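First comes the structure, then the notes that go with it.
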Amino acid sequence: MEPTRREFLKLCTASAVGLGISQLYIPKVVRALEQAVAGNPPVIWIQGAGDDGCLVSLLNTTHPTIAEVLLKIISLQYNPTIMASAGEKAISHLDVISEKTKGNFILVVEGAIPTKDGGVYCTIGERNGKHITMLEAVKDLGAKAKAIIALGACATHGGIPAGKPNPTGAKGVRDVLGKEATIINIPGCPAHPDWFVGTLVHLLMYGMPELDDQARPRMFFGDSIHQNCPNYSYYMEGQFASKFGEKGCLIQLGCKGPETYSDCPLRRWNSGVEWCVGVGAPCIGCCSLGFPDEVSPLYASLPKELWPEKQTEVT
Amino acid sequence: MQVMARRKIVIDPVSRIEGHLGIEVEVDKGKVVDARSMGTLFRGFEIILKGRDPRDAQHITQRICGVCSASHSLAASYNLDSAFGVTPPDNARIIRNLVVGANYLHSHILHFYHLSALDYVRGPDTAPFIPRYEGDYRLAKDVNDACVAHYLEALKMRILPHEMRVLFAGKAPHHVGFVPGGVTQKPTVDKITGFLWRLRRVRDFIDNVYVPDVMKIASAYSDYKKIGVGHKNLLAYGVFDLDSGGKNKLFKRGRYTGGKLMDVDAAKITEDVRYSWYEDKTSGKNPAEGITTPQPHKPDAYSWSKAPRYDGAPYEVGPLARMSVNGDYKGGISVIDRHIARALETQKIAGALEGWLMQLKLDKPIWTECSVPESSEGCGMVEAPRGALGHWIRIRNHKIEDYQCVVPTTWNISPRDDKAVRGPIEEALIDTPVADPDNPVELLRVVRSFDPCLACAVHLIRPNGRMKKFRVV
């Protein structure tokens, strides 16, 4: 029996089960997934102005493992960091596969897109002796893709390369291709592997996940970090840490949890081992679509007017 | 004639590395006679850092590289500690070592199995293992099959060192646990146990799988002991402080040239830009004094990377440099030596981690209180998995006036300098035999032995004015 979309969403949503994507392992989900992805849908993954951090983060996926993602869920036709081929062979394969599976492949964009000076600040390879800019590649492949996943802060809105004064005119995918394009924004610096795998599987099994007005899947980015923070009660009681290592809410040390939307406190990071606030460090707002400038200085306390209201408890 | 026999080979992109690199070589009579390495991404980190809160540099610079972010965090922390005039407590020094050391294990395992092994091991006939360059894959079938199985096992294994890192630092890549003056959380018994349990599993893999696999490849490809030699200059800044202040380190600072071990004086580092896409004005200056602006269409230039030189000479950095300078490796300089030194270094660090873990003291301080000075200067010189890494800062009005990083891969992939002397990878490519120009797998074996990390290598260095001299411990 196939799981319903509702059941799947429950599995994806950390708040529902506390385990998230690892529950993909329940047999009926796996069976349904195998049927849905028969023939492994092609994925083309290009990298612009970034640092491979989102790919490294994806390698940390535990359930399913990265080997299962690569060998059982998708057919990764192009990814500069892990593919066997290089140079002309790789670029001509990219050309052939994007034409052959036009309208059918999923494009993953990691890294920002420099737009200044014709995009010369990032080239991804050579074709017939000419450099291919990331800008050209995103436009070209974006027009042929079935859907585009903008993975991580650089791809969603420019991220660090777009930090003031944005020397290379770095932009996110939506700003380059326009809001009409079929884009899913997965923010984070880096993005959590579960967010990527969960979105991908939703796309393959049920189609487009429900997105907010910033094209983020609601299932992962619906609540603020503050709402689900284990230090929430300290906030309510007014117990604030003023030094590193002290107990209490970290808002005075610069925590951006109230202004940052993601399920980090419930999902946690790296196989659920820890997360930022868990080691006594303030959230730096890396999942905010304004990272880094809108959450900087990172260690400055949010202005008082942005502190969440303390609701009176309903008895 | 000769000209007819010569052929240009371009590999762009060079895949299975971190970042954007292209390689162009000329082959004559089956051997490389000239080479150029081209960094093809520029982000402008130092420009972006200007004017920010100095504490934020620790987070911004981690985003230079998704593979070795922990080392950028360490360099930035040392840099800020020195600028803030603060000495972190012993617990903090040890926790930083544990976090960075764990990240080395992830990085080296990733490099060998997932970035370079497919140059020697024939992968399965499915994406992303095909298409591939066809070449002389020499391993016997059973050894090859075992290596493919280990590729998959290593995918799981390298997750563990990242888990070790986040126990103390929150998340990976790009952690949050380091701050100027120390770290953010006291060690607890559950974390020490969690770290130790994972470490022992990884050590078992390193000792019984990783090192033996490297040795098998070394013996099947023994001709690569003579390929990829290069300039024979090695440089290391040293890393893993064993005492407060870092007088003793697990890997010491030094350089190796002309067959001799020598000291390092940071003032002798210069950067040339004649062949880089930056304005020529101040080529050849110490990075602390240079003024640089991008010039994307500069004639003759071919890389976004600059050409760092020590005392005017190109130097190779990385595990082979560290292990040789430290006296831990005496094998030589070649493609195979780089892989062996990296594997043995992984073993050495894994061993040291266990000892450091036991030195943590529960309930002892982890942070020395400090605040951003109105005006100051700082310097942090460490080693990333890929080699010597330096960060420098100048603070004015409590803000970053200048920040600069000179990173490992800039040394290794550097283009020619002003005297037209090739960079280390360019030189190492010379004389490499190429059996089939359409499948130049030999070139990639040479390039990947350096573990290039281009996101690190290519960023604008733009300090203005004078820097004070730093004690180089």
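What you see below is based on every heavy atom in this structure, not just the backbone, and it leaves out hydrogens, waters and symmetry mates. From a predicted model like this one, the values you see are computed outputs, not experimental measurements. Naming convention: chains lettered A, B, ... in sequence-line order (proteins, then strands); numbering from 1 in each chain.
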Per-residue contact mode, A170(A) against chain B (heavy atom under 4.5 angstrom): neither
Residue pair F178(B) / Y299(A): nearest heavy atoms and the distance that separates them: O-OH, 3.9 Å
K399(B) atom NZ: more than 12 heavy-atom contacts under 6.0 Å: no
Distance-minimising heavy-atom pair for L152(B) and A67(A): CD2-CB, 4.0 Å
Taking every non-hydrogen atom, the tightest pair across L71(A) and A127(B): CD2-O, 4.4 Å
Criterion side-chain contact (heavy atoms from CB on, under 4.5 Å) on V120(A) and W277(B), from CA distance to verdict: CA-CA 11 Å; V120(A) 292; W277(B) 285 306; over 6 Å; no
Per-residue contact mode, L55(A) against chain B (heavy atom under 4.5 angstrom): neither
Exercise: identify the closest heavy-atom pair between I160(A) and R63(B): CG1-CG, 3.7 Å
Portion of C286(A) that has a non-hydrogen atom of chain B nearer than 4.5 angstrom: side chain
Top contributor to chain A interface from K186(B), R158(B), K156(B), Q62(B) [non-hydrogen pairs under 4.5 Å]: R158(B)
Separation between CD of Q47(A) and OG of S15(B), rounded to the nearest 0.5 Å: 10.5 Å
Test item: S57(A) and H174(B) side chains (from C-beta on) under 4.5 Å apart, heavy atoms: no
N-O pairing of E369(B) and K243(A) below 4.0 Å: yes
Validation row: N60(A), H106(B) side chains within 4.5 angstrom (heavy atoms): no
V176(B) and V279(A), any side-chain heavy atoms less than 4.5 Å apart: yes
Verdict with reasoning, D53(B) to S296(A), per side-chain contact (heavy atoms from CB on, under 4.5 Å): CA-CA 8 Å; D53(B) 185 316; S296(A) 293; over 6 Å; no
T123(A) OG1 to D12(B) CG distance, which is reported to the nearest 0.5 Å: 6.0 Å
Heavy-atom contact with chain A under 4.5 Å, split by part of Q58(B): side chain
Proximity breakdown for H131(A) and chain B, heavy-atom pairs closer than 4.5 Å: side chain
Point-to-point distance, once rounded to the nearest 0.5 Å, from OG of S69(B) to CG of D52(A): 11.5 Å
Option in G51(B), P128(B), A169(B) with maximal non-hydrogen atom pairs under 4.5 Å from chain A: P128(B)
Heavy-atom neighbours of D190(B) CG exceed 12 at 6.0 Å: yes
Part of I9(B) lying under 4.5 Å from any heavy atom of chain A: neither
Any side-chain heavy-atom pair of L155(B) and T65(A) under 4.5 Å: no
Among the listed options G48(A), A153(A), A300(A), the residue most often paired with chain B at heavy-atom distances under 4.5 Å: G48(A)
Interface residue of largest heavy-atom contact number with chain B, from G278(A), A112(A), G87(A), under 4.5 Å: G87(A)
Residue, of T126(B), D56(B), I11(B), that accumulates the most heavy atom pairs under 4.5 Å with chain A: D56(B)
L253(A) side, atom CG; T184(B) side, atom OG1 - distance, nearest 0.5 Å: 10.0 Å
Part of R198(B) lying under 4.5 Å from any heavy atom of chain A: side chain
Heavy-atom pairs under 4.5 Å with chain B, option from G159(A), P161(A), C264(A), S85(A) with the top count: S85(A)
Which atoms of P80(A) approach chain B - backbone, side chain, both or neither, heavy atom under 4.5 Å: backbone
Parallel, tilted or perpendicular: rings of F42(B) and Y121(A) (30°, 60°): tilted
Charged N-O contact under 4.0 Å between R52(B) and D293(A): yes
Part of V441(B) lying under 4.5 Å from any heavy atom of chain A: neither
Given K191(B), R165(B), H175(B), K171(B), the one that forms side-chain hydrogen bond (donor to acceptor under 3.5 Å, both in side chains) with E274(A): K191(B)
side-chain contact (heavy atoms from CB on, under 4.5 Å) between I159(B) and L59(A), intermediate numbers included: CA-CA 8 Å; I159(B) 291 176; L59(A) 294 180; over 6 Å; no
Least distance between heavy atoms, A84(A) atom then R16(B) atom: O-NH2, 2.9 Å
Validation row: H162(B), V56(A) side chains within 4.5 angstrom (heavy atoms): yes
Among the listed options G254(A), P165(A), A90(A), the residue most often paired with chain B at heavy-atom distances under 4.5 Å: P165(A)
E88(A), CD atom: more than 12 neighbouring heavy atoms under 6.0 Å: no
Non-hydrogen atoms of R43(B) and P167(A) that approach each other most closely: O-CG, 3.8 Å
Distance flag, aromatic centroids of H59(B) and F291(A), threshold under 6.0 Å: no
Side-chain heavy-atom pair D51(A), H72(B) within 4.5 angstrom cut-off: no
Side chain to side chain, W269(A) and V166(B), heavy atoms closer than 4.5 Å: no
Top contributor to chain B interface from G163(A), P114(A), P292(A) [non-hydrogen pairs under 4.5 Å]: G163(A)
Part of I366(B) within contact of chain A (heavy atom distance under 4.5 Å): side chain
Segment of L444(B) engaging chain A (4.5 angstrom heavy-atom cut-off): side chain
Most contacts with chain B, counted as non-hydrogen pairs under 4.5 angstrom, among G129(A), C276(A), C154(A), P282(A): C276(A)
Approximate separation, where rounding is to 0.5 Å, of E246(A) CD and Q185(B) CD: 13.5 Å
Per-residue contact mode, D119(B) against chain A (heavy atom under 4.5 angstrom): neither
Pairwise side-chain contact, I17(B) with T81(A), heavy-atom cut-off 4.5 Å (strictly under): no
Under 3.5 Å: donor-acceptor pair, side chain of Y133(B), backbone of A86(A): yes
Point-to-point distance, once rounded to the nearest 0.5 Å, from NZ of K164(A) to NZ of K50(B): 15.5 Å
